[in-house]
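To keep things clear, I will list the structure first and then write my remarks on it.
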Amino acid sequence: MPELPEVETIRRGLKDLISGKKIVKIEILNLKSYPNSQTDTNNFVIGYHIIDVRRRAKLLMIDLNSGYSLLIHLKMTGQLVYVSKKLRFGAGHPNDSLVNQLPDKSTRVIIELSDSNLFFNDQRKFGWIKLLPTDLLTDETYFSKHGPEPLENLTLTAFKNNLKKRLKSNIKAVLLDQSVIAGIGNIYADESLFLAKIHPKTMVGDIGSKKLADLYKSIQQVLQLSISKGGSTDKNYVNAEGKKGSYLEFAKVFRRDNLPCPVCGTTIIKIRVASRGTHLCPKCQKVKILTR
DNA sequence: CACTTGACCTGTCCGC
DNA sequence: TGCGGACAGGTCAAGT
């Protein structure tokens, strides 16, 4: 899926594109993608205006002036693509990309606005759009099981304290755990661990205080760089305008197995950690040998 | 309790 | 060209 930088990129684009607009219709092409009643949709969505687009962790919130919000999780392959009703381009035109071909076979929900459509595409059907009261979407309620935002309210002390709860787990599994820190997924876990020179299988309890500080910094650096590049496109990710992100061109290890490490030239390997494909440089990221 | 595995889906790629 | 199996950016529930 889209991880934090991809969801944040979509949020920024969408906020500009759809704020103030009215939802005129919701077309549901796959029931599981939109698990809400027709009554609630009629009462709290249709005819209402979009007043904000927010993000928490990997979730997007489209707030309406009805007191309700559309809460969206893109999971692995979800996309939210804005297409104006007026602007369509002919074949061969530079903008004759994805946006011209929608809806397609992966389109699950169409949110129709007065002058445009928002296509919720999701090849694997894991993603969803839930209709919930806006005041339920707070850290005290809906997000109580999510950890802090790594780029906002996460101090180094809090970071260390959160990791202390998982001393016996390997660090990669812990970075992927949304209740520890919100928003990191497989790409940025691998990239952060490479930058901090920590082997993904290292037990949290074996990582020293200085290394933890390195990791804290690396996470923020990697996420910020990716946001500035518009996120990572592996296969499916596109931003609100249907365009791909370029971060993967800057990735140091992710999807670079069998290529040389940009720091030492050693061949990058791919292994399995926390049952996820995991990329690392075996020289830069040594496993700590435990002496007993 | 802490941690790992399987399930949810579709599509693609690789080996035979 | 076809078929089987592994794998894909996430997260739950169920299992050990």
Side-chain angles (χ1 to χ4, degrees), chain A residues 1-10 29-35 55-60 71-80 98 103-109 120-130 142-147 162-194 200-205 219 222-223 225-227 229-239 244-258 269-279:
Chain A
M1 145 204 167
E3 306 179 28
L4 185 155
E6 291 75 34
V7 180
E8 177 60 19
T9 302
I10 293 170
L29 306 175
N30 181 60
L31 277 176
K32 279 186 158 180
S33 305
Y34 187 85
R55 178 190 63 77
R56 174 74 170 92
K58 300 173 188 173
L59 288 136
L60 273 173
L71 178 71
I72 303 169
H73 202 310
L74 301 169
K75 293 290 179 85
M76 304 277 256
T77 55
Q79 307 174 327
L80 267 180
L98 172 69
D104 66 16
K105 62 178 172 178
S106 77
T107 302
R108 309 301 178 201
V109 181
F120 177 62
N121 305 323
D122 186 18
Q123 180 189 101
R124 291 174 74 180
K125 299 181 179 173
F126 291 163
W128 42 254
I129 301 177
K130 291 178 186 172
Y142 194 88
F143 296 107
S144 62
K145 287 174 203 131
H146 285 261
N162 287 356
L163 291 189
K164 272 180 199 159
K165 300 169 199 157
R166 303 285 303 276
L167 289 178
K168 287 170 294 177
S169 305
N170 64 62
I171 184 64
K172 167 130 182 189
V174 175
L175 290 182
L176 292 175
D177 184 339
Q178 300 299 296
S179 71
V180 177
I181 312 163
I184 299 174
N186 210 30
I187 299 175
Y188 303 108
D190 284 5
E191 291 293 303
S192 305
L193 288 168
F194 172 79
K201 277 189 173 168
T202 314
M203 285 208 313
V204 171
I219 288 168
V222 160
L223 294 177
L225 175 64
S226 182
I227 291 173
K229 302 298 175 192
S232 298
T233 294
D234 179 12
K235 289 188 176 139
N236 295 278
Y237 166 75
V238 291
N239 69 15
K244 298 179 175 190
S246 70
Y247 174 83
L248 276 197
E249 295 168 27
F250 303 85
K252 302 277 202 295
V253 288
F254 189 81
R255 284 290 155 84
R256 293 183 52 79
D257 36 312
N258 296 321
I269 58 170
K270 183 175 181 183
I271 61 173
R272 251 175 134 73
V273 183
S275 60
R276 310 296 302 275
T278 299
H279 313 74

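Only this structure's heavy atoms are used, side chains among them; waters, hydrogens and symmetry mates stay out. Below, chains carry the letters A, B, ... as their sequence lines are ordered, and counting in each starts from 1.
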Checklist outcome for this item: The salt bridge (charged side-chain N to carboxylate O under 4.0 Å, His left out) partners of Arg255(A) (sequence neighbours excluded) come to Asp234(A)
Checklist entry - Asp122(A): what forms a salt bridge (charged side-chain N to carboxylate O under 4.0 Å, His left out) with it, not counting sequence neighbours? => result none
Next on the checklist: Test of understanding: with side-chain contact (heavy atoms from CB on, under 4.5 Å), list the residues that count as partners of Asp104(A), not counting sequence neighbours.
Outcome noted: Leu98(A), Leu102(A), Ser106(A), Thr107(A), Asn121(A)
Item to check | Intra- and interstrand pairs of DNA chain B - dot-bracket, Watson-Crick/G-U under 3.5 Å, | marks other strand | outcome: .|||||||.|||||||
Next on the checklist: Could you work out, with side chain to side chain donor-acceptor pair (under 3.5 Å) as the rule, every residue matching Tyr142(A), not counting sequence neighbours?
Outcome noted: none
Checklist entry - Using the P atom in both, what is the distance from dT11(C) to dT12(B), to the nearest Å? => result 24 Å
Checklist entry - Nearest to the side chain of Lys270(A) - dC9(B), dG10(C), dC7(C)? => result dC7(C)
Next on the checklist: Among residues 173-182 of chain A, which ones have heavy-atom contacts with DNA chain C below 4.0 Å?
Outcome noted: Gln178(A)
Next on the checklist: Closest approach to the side chain of Ser169(A), judged atom by atom: which nucleotide of dT11(C), dA8(C), dC3(B) is it?
Outcome noted: dC3(B)
Using a cutoff of under 3.5 Å, can you pull out all pairs of nitrogen or oxygen atoms linking the protein to nucleotides 11-14 of chain B, with atom names and distances?
| from | atom 1 | to | atom 2 | distance (Å) |
| --- | --- | --- | --- | --- |
| dG11(B) | O4' | Gln123(A) | OE1 | 3.3 |

Checklist entry - With Phe126(A), which residues qualify under side-chain contact (heavy atoms from CB on, under 4.5 Å), at least two apart? => result Lys75(A), Met76(A), Arg124(A)
Item to check | Trp128(A) or Arg272(A), whichever maps to the more 5' nucleotide of DNA chain C | outcome: Arg272(A)
Checklist outcome for this item: Residue set satisfying ring pair (Phe, Tyr, Trp, His ring centres under 6.0 Å) with Tyr247(A), at least two apart, ordered chain then number -> Tyr188(A)
Next on the checklist: Using atom C1' in both nucleotides, what's the gap between dG6(B) and dA6(C) to the nearest angstrom?
Outcome noted: 15 Å
Checklist entry - OP1 or OP2 of dC3(B) sitting under 4.0 Å from any side-chain N/O of Arg166(A)? => result yes
Next on the checklist: Less than 3.5 Å apart, any donor N or O on the side chain of Lys172(A) or Thr278(A) sitting next to an acceptor on the other?
Outcome noted: yes
Checklist entry - Within this structure, what is the NZ-to-P distance between Lys125(A) and dC9(B), rounded to whole angstrom? => result 8 Å
Next on the checklist: The criterion is side-chain contact (heavy atoms from CB on, under 4.5 Å); which residues satisfy it with Ser179(A), sequence neighbours excluded?
Outcome noted: Asp177(A)
Item to check | ring pair (Phe, Tyr, Trp, His ring centres under 6.0 Å) against Phe194(A), all qualifying residues, sequence neighbours excluded | outcome: none
Item to check | Any residue meeting side-chain contact (heavy atoms from CB on, under 4.5 Å) with Arg256(A), in chain and number order, not counting sequence neighbours | outcome: Leu259(A), Ile268(A)
